[in-house]
Structures are given as structure tokens and as C-alpha cells.
Amino acid sequence: MAHRAKKIVIITEKLILPGVAQIIERCGGTGYTVVAAGGKGRRNLRPADRLGIVDEFTNVKVEVITSSEAVANRIADEVAAQYFADYSGITYMEDVEVLRPRKFAKDPEA
Amino acid sequence: MAHRAKKIVIITEKLILPGVAQIIERCGGTGYTVVAAGGKGRRNLRPADRLGIVDEFTNVKVEVITSSEAVANRIADEVAAQYFADYSGITYMEDVEVLRPRKFAKDPEA
Amino acid sequence: MAHRAKKIVIITEKLILPGVAQIIERCGGTGYTVVAAGGKGRRNLRPADRLGIVDEFTNVKVEVITSSEAVANRIADEVAAQYFADYSGITYMEDVEVLRPRKFAKDPEA
């Protein structure tokens with residue numbers, strides 16, 4: 001019953017979550033998971049942060065599971081095109097094996 | 001010292017976390033990590049949510065690392081059997097390489 | 001534009017996050033993401049926890065994406081050497097495909 005799928009992960013600023021969510025839906029993602037995140041990247045190093053860690057959770061980690069690699073790439077491309085010139089972010093993809101693919105039953109991309 | 005293991009991830013409603021935790025232990029998982037999560041899936045779309053994102057973190061993302069694929073499958077099967085008719089959820093598995101397998105030392109399934 | 005990279009994940013006690021962050025930077029990591037986490041492992045089972053789940057999020061899940069497996073291993077080794085005798089923790093590595101490697105542009109290890 002298991003099947004291979006792609007997990008696409010977008011870590012970016014919380015501010016743009018509504019826009020990212022819209023892109024996910026428009027590109028064919030059928031759901032996503034959001035987790036509050038903090039951290040430090042090259043692009044959001046401000047002088048005051050250089051010696052310490054960033055405590056505030058002003059980022060989000062958004063995950064989308066999709067059986068379509070095309071959907072995953074479309075989401076990554078659109079998020080980058082719309083936001084990554086102005087906002088900090090990284091997008092990566094992982095292979096996953098969905099054990100309970102309930103949500104994929106009517107996936108038009110499946 | 002590294003060894004390959006399975007990471008099983010269960011994203012579901014916070015409400016059933018205690019039951020999920022019991023299943024993990026009963027099935028031979030020796031630990032788990034829980035993160036608060038929000039998001040949107042096909043099954044928890046209520047009319048009021050359709051245009052916006054869901055802000056409240058009413059879901060959990062539970063991760064179990066196990067050296068036994070049988071344990072991973074047993075956890076996935078039991079969680080689905082007990083809860084996924086009534087609660088929203090997805091379960092997937094990933095390959096990981098445990099670099100510091102301290103917690104696996106006495107794993108009966110190893 | 002995609003390229004393969006390593007994601008190293010350290011799940012440990014929140015208390016030592018500042019030290020872990022310093023190790024990441026010293027070892028050549030160019031950014032990291034932190035998520036608050038709870039859970040249960042063999043090493044942090046106290047008598048009061050044995051029957052219930054641990055609700056408080058006193059752990060952190062730290063992720064580092066790096067194009068250098070050497071950097072990943074160095075981070076894992078140093079964190080374990082400095083902390084895992086006294087603090088609960090696990091470190092694992094996953095293969096990821098970075099779709100938008102903006103943050104890697106000036107990665108000295110790339």
C-alpha cells in the first residue's frame with residue numbers, strides 16, 4: 001500500500017506564509033504542514049545576531065507531500081520567483097514513502 | 001559508527017497524541033519527537049478555512065527513528081487502524097543515517 | 001539548478017542550543033533551522049514520565065543543510081563529543097535535493 005512520493009520543504013519568513021500557501025494550492029499541492037521555526041542563515045544575519053543565536057521563531061518550515069515531482073518543482077519555482085529576491089528562504093526536496101496515502105486517493109496528479 | 005535506520009513521521013491531530021504515543025511504545029519504538037504543527041489537508045478543510053490558511057497549531061508531527069522497518073510498519077498500521085477513519089492524518093517513512101546512535105544501544109529490534 | 005546536499009538533524013535539550021549553534025558555525029555550517037520539540041527517549045525517562053507523554057517542549061530539533069558531508073560529520077562528532085555524555089540527544093543525516101540553493105552561493109565547502 002506504500003508508494004513513493006516527494007516531500008518539498010520550504011523554510012522562509014513567517015510573513016509570507018499566506019502567499020506561500022496560495023502558491024502551494026495553485027500549483028496543485030493538496031495539503032501542507034507548517035511548523036514555527038527560528039534559526040540563522042547567511043541572509044538574515046544582522047549585526048546584533050552575530051554572536052548569539054536567534055531566539056525568536058520568525059520563520060516557518062512548510063512541508064508538502066506530493067506524488068508529483070512536477071508539482072514539487074512548480075511550487076519551488078514559484079515561491080523562489082515571487083519571494084526569494086526579497087525574503088530569506090531555502091527549498092529542498094526529499095524522497096519519502098507514504099505508508100498511509102489516504103490523502104492521495106483523489107490526487108489529480110497521482 | 002553510522003548506521004541506516006528508518007524515520008517514520010506521523011502528522012495528525014494533537015488530540016490523539018497520547019494514543020499515538022502508546023502505540024509507538026507498544027510497537028517497539030524506543031523514543032519519539034513531537035513538534036506542534038498547523039496546516040491544511042484535504043480532510044480538515046472546513047468551509048471557513050477554504051480561503052485562508054489555518055493559523056492554529058492543532059496538529060502534531062511525531063517522528064520515530066527505528067532500526068527496524070517492521071517496527072515502523074507496525075506503528076503506521078496501528079495508528080491508521082485505530083485513528084485514521086475518524087481523524088486526519090498522514091504517515092510517511094524516510095531513510096536516515098544515524099550518526100550518533102546512542103539511543104539504539106539496547107534496542108531489542110536492532 | 002538542483003543539487004544534492006546533506007541535511008543533518010540534531011535533536012537534543014534546549015539548554016545546550018547556544019553551544020550547538022556555536023559548533024555548527026565553527027564547523028562550517030552556514031545556517032541552521034531550530035524547531036521546539038518535545039518527546040520521549042530512553043535517556044530522559046524519569047519515573048513520573050513513564051506512563052504519560054512529555055508535554056513540555058524542552059527539546060530542540062536543529063537542522064543544518066550543507067553541501068559538504070565532511071561538515072556534517074564534523075558537526076555530529078563535535079556535538080556528541082561535547083554534550084552527549086551529559087545530555088540526551090540523537091543526530092542523523094538525510095539526503096536532500098536543494099531546489100533553490102541561494103544560501104549555498106558562497107559556501108566555501110561547495
Side-chain angles (χ1 to χ4, degrees), chain B residues 1-12 14-39 57 59-67 72 75 79 92-110, chain C residues 6-14 20 23 27 33-45 49-64 66 69-96:
Chain B
M1 219 67 81
H3 76 272
R4 302 207 58 83
K6 294 290 180 185
K7 176 169 84 169
I8 175 167
V9 178
I10 303 160
I11 300 171
T12 192
K14 197 197 291 185
L15 207 63
I16 60 170
L17 176 58
V20 169
Q22 280 177 355
I23 288 171
I24 290 169
E25 293 194 53
R26 195 168 61 230
C27 292
T30 58
Y32 57 87
T33 299
V34 183
V35 163
F57 283 13
N59 294 334
V60 281
K61 184 181 169 190
V62 183
E63 288 187 8
V64 184
I65 307 277
T66 176
S67 47
I75 291 169
V79 168
Y92 60 84
M93 200 158 69
E94 294 180 28
D95 291 316
V96 302
E97 191 181 347
V98 177
L99 300 178
R100 287 291 161 170
R102 190 167 299 265
K103 287 181 174 178
F104 288 85
K106 300 179 209 154
D107 191 334
E109 305 282 340
Chain C
K6 294 291 178 184
K7 176 170 85 170
I8 175 167
V9 178
I10 303 159
I11 300 172
T12 191
E13 301 180 37
K14 196 197 291 185
V20 170
I23 288 171
C27 293
T33 298
V34 183
V35 163
K40 189 144 96 175
R42 179 174 291 118
R43 303 197 59 216
N44 48 26
L45 274 179
D49 298 336
R50 287 189 188 279
L51 292 175
I53 57 158
V54 178
D55 276 326
E56 297 141 276
F57 283 14
T58 57
N59 294 334
V60 281
K61 184 181 169 189
V62 183
E63 288 187 7
V64 183
T66 176
E69 191 162 347
V71 167
N73 281 314
R74 227 179 295 150
I75 291 169
D77 287 346
E78 282 225 21
V79 168
Q82 244 186 73
Y83 293 115
F84 285 1
D86 300 315
Y87 298 90
S88 175
I90 188 172
T91 300
Y92 60 85
M93 200 158 68
E94 294 181 28
D95 292 315
V96 302

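The structure presented is a predicted model; accordingly, all values stated were derived computationally and were not measured.
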Counting C-beta onward and ignoring hydrogens, is there a side-chain heavy-atom pair between C:Ile11 and B:Glu63 closer than 4.5 Å? yes
Under 4.5 Å from a heavy atom of chain B, the part of C:Ile10 involved: neither
Hey, what do you get for CD (B:Glu94) to OH (C:Tyr92), rounding to the nearest 0.5 Å? 7.5 Å
Tell me, out of B:Val62, B:Val96, B:Asp95, B:Val60, who's got the most heavy-atom pairs with chain C below 4.5 Å. B:Val96
What verdict does the side-chain contact (heavy atoms from CB on, under 4.5 Å) test give for B:Leu99 and C:Ile8, after you've listed the backbone C-alpha separation in whole Å, the side-chain angles of each residue and the deciding distance to 0.1 Å? CA-CA 9 Å; B:Leu99 300 178; C:Ile8 175 167; 4.0 Å; yes
Say you draw a straight line from CD of B:Glu97 to CD of C:Glu69; how long is it, rounded to the nearest 0.5 Å? 6.5 Å
Between B:Val35 and C:Ala36, what is the shortest heavy-atom contact and its length? CG2-O, 3.6 Å
